[in-house]
J.: 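So that we are looking at the same thing, I have put the structure below in structure tokens.
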Amino acid sequence: MNDVIKFLNENPLIYLATEGLDGNAKVRPILYYFEENNKPYFCTSNKKPIYKELEKKS
């Protein structure tokens, strides 16, 4: 995980792919936010479709 955190610190803009609510692939830029307890965290609004897409998969 240390390599992942190091990569994210050096490259905070990543592209996240999800399955859209319509069943089609969606790819969006997202910023790495921070690391805590060796876990990466990202931030988005719970009003955005990406939140609903991620919630659907959990």
Side-chain angles (χ1 to χ4, degrees):
M1 185 56 75
N2 289 336
D3 290 339
V4 171
I5 300 300
K6 181 178 184 272
F7 177 84
L8 290 172
N9 281 322
E10 294 170 356
N11 304 279
L13 177 63
I14 64 166
Y15 291 86
L16 180 66
T18 61
E19 178 183 346
L21 300 175
D22 60 2
N24 294 317
K26 307 290 182 195
V27 180
R28 299 174 184 85
I30 190 166
L31 287 173
Y32 166 64
Y33 197 56
F34 68 95
E35 173 268 333
E36 186 175 286
N37 296 323
N38 214 28
K39 295 179 184 176
Y41 286 83
F42 302 87
C43 186
T44 189
S45 167
N46 62 3
K47 306 289 187 224
K48 291 186 176 186
I50 191 172
Y51 182 88
K52 293 176 180 78
E53 293 161 5
L54 292 170
E55 189 175 53
K56 177 180 160 187
K57 295 297 178 184
S58 57

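Model, not experiment: these values are computed from the prediction. Along the sequence shown, residues are numbered consecutively beginning with 1.
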J.: Linking Ile, Leu, Val, Met, Phe, Trp and Tyr by side-chain heavy atoms under 4.5 Å, what else ends up with Leu21?
T.: none
J.: Test: salt bridge (charged side-chain N to carboxylate O under 4.0 Å, His left out). Region: residues 20-37. Which pairs qualify, not counting sequence neighbours?
T.: Asp22-Lys26, Arg28-Glu53
J.: Quick check for you: to the nearest 0.5 Å, what is the distance between Leu54 atom CG and Ile30 atom CD1?
T.: 7.5 Å
J.: How does the hydrophobic cluster around Leu13 look, that is, which other residues are in it when side-chain heavy atoms under 4.5 Å mark a link?
T.: Tyr15, Val27, Leu31
J.: Would you tabulate the side-chain donor-acceptor contacts of residues 41-50 under 3.5 Å, counting partners in other chains and residues two or more places apart, or write 'none'?
T.:
unit_1, atom_1, unit_2, atom_2, d
Ser45, OG, Lys47, N, 3.0

J.: Show me, pair by pair, the donor-acceptor contacts under 3.5 angstrom made by side chains of residues 2-10, not counting sequence neighbours?
T.:
unit_1, atom_1, unit_2, atom_2, d
Lys6, NZ, Glu10, OE2, 3.1
Asn9, ND2, Ile5, O, 3.2

J.: Taking only residues two or more places apart in sequence, or in another chain, which ones meet Tyr33 in a ring pair (Phe, Tyr, Trp, His ring centres under 6.0 Å)?
T.: none
